[in-house]
Each structure stands twice: as structure tokens, then as C-alpha cells.
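This chain uses plain numbering: 1 for the first residue, then up along the sequence. For the numbers below, each heavy atom of this structure counts, side chains included, while hydrogens, waters and symmetry mates do not.
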Amino acid sequence: MSAERTYIMVKPDGVERGLVGEIIKRFENKGFQLVALQLLSPKQETLEQHYADLSSKPFFGGLMKYMTSGPVVAMVWSGKGVVKSGRVLLGETNPLASLPGTIRGDFCIDVGRNLCHGSDSVENAEKEIALWFPGGVVSHTRVMEKLIYE
């Protein structure tokens, strides 16, 4: 099995609302492996790097203020197709367009408070993992892998 990795971040609204466990549960129930986890107060510089592609947008200042308003939970998940599947689990960026059963479809309403971030490609996932986990992440093979993958 060739596993890929993705970066998932629970934003301040998700942490404040106590939804971290529910988000983790959904990824674990799918069969993905949690390989890194940390609660942190994000630094402005790190957020500016993370959201560099949005820096010219009119909402960027508000995004930075919001993202520094409280702690976030940074996670790395591993598994077959985890980037694409992770985004499906999260739902659409706009929660109102998200289907019931997705994290955003079940728990939020506004784009500016959409609970979490998920990498949009394998390449961006690796960049985001390096940014948020500069010391690297744990890698191990679970005994139960044979119960999840053919």
C-alpha cells in the first residue's frame, strides 16, 4: 500500500466549540492513521506562509485576525488517497454547499468559520506538513493495516 499524507488543521472555531474529537473520530473511522498532532497558538508569520495564495484577497486581514484569535489543532493523516478523501470528509469550503454527513455540512454555516483546513493536493500537503511540523512526524505501520487495505 502506498500511503500519502495530508495536513488537516482544526481552526479556532472548531477548537473553541469542542469539535476536535469529532473531527479526529471521522478520520479514524474512515481508516486513516493519525501520525502527528499538536495544539498550538499559530504565529502570524506561519499563517502568512500557509495562506500566501490568499494574501491579495480583501478578506486576508480578517482571516489573519481570526486565525490568531485562539489555538488550532495541527494534524497529519496518512493513508491511501487521504488528500482527496480528507477533503470529502471536510465538505465544501462554503459550508452551505456541503452535504449532510460531512464535517462542514453537519457543524457550520459560514465560510469564515468553516472549522478546518485540508490540503488540496499531495504537493501542498507536503509543503504544509513541513511548515507546521518542521521537526518531522512519526512514521509507523499499524498492525491493523491488513484490515483496512487489500
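In terms of the ring-ring contact (aromatic ring centres under 6.0 Å, His included) criterion, Phe107 has no residue partners (sequence neighbours excluded). Arg87 meets the side-chain hydrogen bond (donor to acceptor under 3.5 Å, both in side chains) test with no other residue; sequence neighbours excluded.
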| request: Walk me through it: do Leu89 and Phe32 pass the test side chain to side chain contact (heavy atoms under 4.5 Å, CB included)? | output: CA-CA 11 Å; Leu89 286 171; Phe32 296 126; 4.3 Å; yes
Run the side chain to side chain contact (heavy atoms under 4.5 Å, CB included) test on Lys30 and Val82 for me, step by step, so that the C-alpha distance in whole Å, both residues' side-chain angles and the decisive distance to 0.1 Å come before the verdict. CA-CA 10 Å; Lys30 182 74 175 178; Val82 70; over 6 Å; no
**Q.** Working for side chain to side chain contact (heavy atoms under 4.5 Å, CB included), residues Asn114 and Thr93
**A.** CA-CA 7 Å; Asn114 67 0; Thr93 301; 3.7 Å; yes
Checklist entry - Run the salt bridge (charged side-chain N to carboxylate O under 4.0 Å, His left out) check on Asp106 and Arg26 step by step: do they pass? => result CA-CA 12 Å; Asp106 289 349; Arg26 297 221 183 172; 2.9 Å; yes
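Within a 6.0 Å radius of CG in Leu54, other residues, nucleotides and ligands contribute more than 12 heavy atoms. By the 6.0 Å contact criterion, CD on Glu16 is open, its count of non-hydrogen atoms from other residues, nucleotides or ligands being 12 or less.
Scanning all heavy atoms of the two residues, the minimum distance from Val15 to Val10 falls at N-CG1, 3.7 Å. Pairing each heavy atom of Ser98 with each of Glu92, the nearest pair is OG-N, 2.8 Å. Closest approach of Tyr51 and Phe60 over heavy atoms only: O-CE1, 3.5 Å. Of all the heavy atoms in Phe133 and Ala74, the pair that sits closest is CZ-O, 3.4 Å. Smallest separation of non-hydrogen atoms from Thr68 and Pro42: CG2-O, 4.0 Å. Between Val83 and Ser119, the shortest heavy-atom distance links the atoms CG1-O, 3.6 Å.
Met9 and Leu34 fall into different hydrophobic clusters, where Ile, Leu, Val, Met, Phe, Trp and Tyr residues are linked whenever their side-chain heavy atoms come under 4.5 Å apart, directly or through other members. Cluster annotation: Leu37 is not connected to Val137 through the hydrophobic network of ILVMFWY side chains, with a link wherever side-chain heavy atoms come within less than 4.5 Å. The cluster map of Ile, Leu, Val, Met, Phe, Trp and Tyr, joined by side-chain heavy atoms under 4.5 Å apart, puts Val73 and Phe27 in the same cluster. Grouping the Ile, Leu, Val, Met, Phe, Trp and Tyr side chains by contacts below 4.5 angstrom, directly or via other members, places Ile24 with Leu90. Criterion: ILVMFWY side-chain heavy atoms under 4.5 Å apart, direct or through other members. Under it, Leu40 and Ile8 are not part of a common hydrophobic cluster.
Side chains of Lys43 and Gln49 form no contact here, defined as non-hydrogen atoms less than 4.5 Å apart. Contact of the Glu4 side chain with the Trp77 side chain is not registered, since no non-hydrogen atoms from C-beta on lie closer than 4.5 Å. Residues Tyr7 and His117 have side chains in contact (heavy-atom distance under 4.5 Å, counting atoms from C-beta outward). In this structure the side chain of Val88 never reaches within 4.5 angstrom of the side chain of Thr102, judged on heavy atoms.
Here the CZ atom belonging to Arg113 is positioned 12.5 Å from the CD1 atom belonging to Ile109, to the nearest 0.5 angstrom. With rounding to the nearest 0.5 angstrom, the CG atom of Leu19 is 9.0 Å from the CD1 atom of Ile103. A distance of 8.5 Å separates CG in Leu131 from CG in Leu47, rounded to the nearest 0.5 Å. Atom CG of Leu99 sits about 13.0 Å away from atom CZ of Arg104, to the nearest 0.5 Å. To the nearest 0.5 Å, atom CE of residue Met75 and atom OG1 of residue Thr6 are 10.0 Å apart.
Side-chain atoms of Gln44 and Glu48 include a donor-acceptor pair closer than 3.5 Å. Between the side chains of Asp13 and Tyr66, a donor-acceptor pair is found at a separation under 3.5 Å.
Judged purely by atom type and a 3.5 angstrom limit, Asn94 uses its side chain to pair as donor or acceptor with the backbone of Leu96. Checking side-chain atoms of Gln38 against main-chain N and O of Trp132 turns up a donor-acceptor pair under 3.5 Å. A donor-acceptor contact shorter than 3.5 Å links the side chain of Ser55 to the backbone of Ala52.
A salt bridge links Arg5 to Glu126: at least one charged side-chain nitrogen sits closer than 4.0 Å to a carboxylate oxygen.
Exactly one residue among Arg17, Glu22, Lys11 makes a side chain to side chain contact (heavy atoms under 4.5 Å, CB included) with Leu115. That residue is Arg17.
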